[in-house]
Amino acid sequence: MKIAIMGAMPEEIEPILSHLESYEKVDFAKNSYYKGKYKSLDVVVAYSKIGKVFSTLTATTMLEMFACDMLLFTGVAGAVNPELKIGDLIVATKLAQHDLDITIFGHPHGFVPGGSVYVQSDPDLRALAKIVASKLDIQLKEGVIATGDQFIADEEKKNFIASTFGADALEMEGASVAVVCDALGVPFFILRSISDAADMDAGFNFEEFVQSSAKISADFLMKMLDELIERMG
Ligand code: ADE
């Protein structure tokens, strides 16, 4: 099994790379991919750059060119659900593109013909995450993640995303990665740790907490890899 581990920013994958004994850097399509081993697992690690377009390119490359057969995403998100605080972990049950809008033609927000508003993540990987969280006594929330090509720092936009998509958190890559994995039939898992509350303080909070929250998410993902290895015997 070869596992794709993806983030959007360097801060999101650096804690993963630091756990690999060795890796090889392969450049493709103006991005770098790190092929290596974590214990007995073959992994390919990359950050895509921010947004839906770059994350689509990276996810597709990891699955098609590097032939990964599972994709795990780690990174940070803005909280929509007020229960989520900075540093908390959220696993996406399903994801939607909040900025996809052809509502003028009578379609719901986030929908285009041939697609669907939501893409569901892999239930087995979510179950694995729950087991890891309970073993380590870590709080792990599941919920809806909304994705768009905007950094949200505005209560009105946040409330629209909350009420339209039932979102618990928002970010800029998850739903596009989900669309790629769903189309190619590859199980995927999207994990985020909260860096801000997508409000007027979001820019400031993001800068302060991106690194620490990215590490919280990456560290949890490493524990999931350990659990996977243990299961494979
Ligand atoms: N990722 C982390 N915080 C975010 C925000 N407020 N908007 C979009 N993406 C984010």
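Order of appearance sets the numbers: ligands from 1, and atoms from 1 within every ligand. Small disclaimer: the values here were computed from a predicted structure and weren't measured.
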- Task: State, with a plain yes or no, whether a side-chain heavy atom of Q97 is found less than 4.5 Å away from one of V179.
- Result: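 They are in contact (side-chain heavy atoms under 4.5 Å apart), so the answer is yes.
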- So do the side chains of L128 and F189 get within less than 4.5 Å of each other, counting heavy atoms only?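 SC-SC contact between L128 and F189 ruled out.
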request  = Please assess F206 against F151 for the test ring pair (Phe, Tyr, Trp, His ring centres under 6.0 Å), listing each intermediate value before the final yes or no.
outcome  = CA-CA 10 Å; F206 179 87; F151 186 88; 5.4 Å; yes
Ligand-residue contact atoms, ligand 1 with D196, heavy atoms, under 4.0 Å: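 By the 4.0 Å cutoff, the relevant atoms are 2 (C), 3 (N), 4 (C), 5 (C), 6 (N).
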Here the atoms of ligand 1 under 4.0 Å from any heavy atom belonging to L170 are 5 (C), 6 (N), 7 (N), 8 (C), 10 (C)
shortest atom 7 (N) of ligand 1-to-protein heavy-atom contact is with I152 N, 2.9 Å
Exercise. Identify the closest protein heavy atom to atom 4 (C) of ligand 1: which residue and atom is it, and at what distance?
Worked result: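 Minimum-distance protein heavy atom for atom 4 (C) of ligand 1 reads F151 CE1, 3.4 Å.
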query: For ligand 1, is R192 a contact, meaning one of its heavy atoms is under 4.0 Å away?
result: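 Contact absent.
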Q: Determine whether any heavy atom of A77 lies closer than 4.0 Å to an atom of ligand 1.
A: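 Under 4.0 Å: yes for A77.
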Salt bridge K223-E227, side-chain N to carboxylate O under 4.0 Å: no
Is it true that [Y] and [X] share a donor-acceptor pair across their side chains at a distance under 3.5 Å?
| X | Y | answer |
| --- | --- | --- |
| K157 | Q150 | no |
| T58 | N31 | yes |
| R126 | T93 | no |

Looking only at distance, does A198 have an N or O less than 3.5 Å from an N or O of ligand 1?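 No; every N/O pair is 3.5 Å or more apart.
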Exercise. Can you find an N or O of A202 that's nearer than 3.5 Å to an N or O of ligand 1?
Worked result: no
task: Just let me know how S195 lines up against ligand 1, side chain, backbone, both or neither, with a heavy-atom cut-off below 4.0 Å.
output: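 The answer is the side chain.
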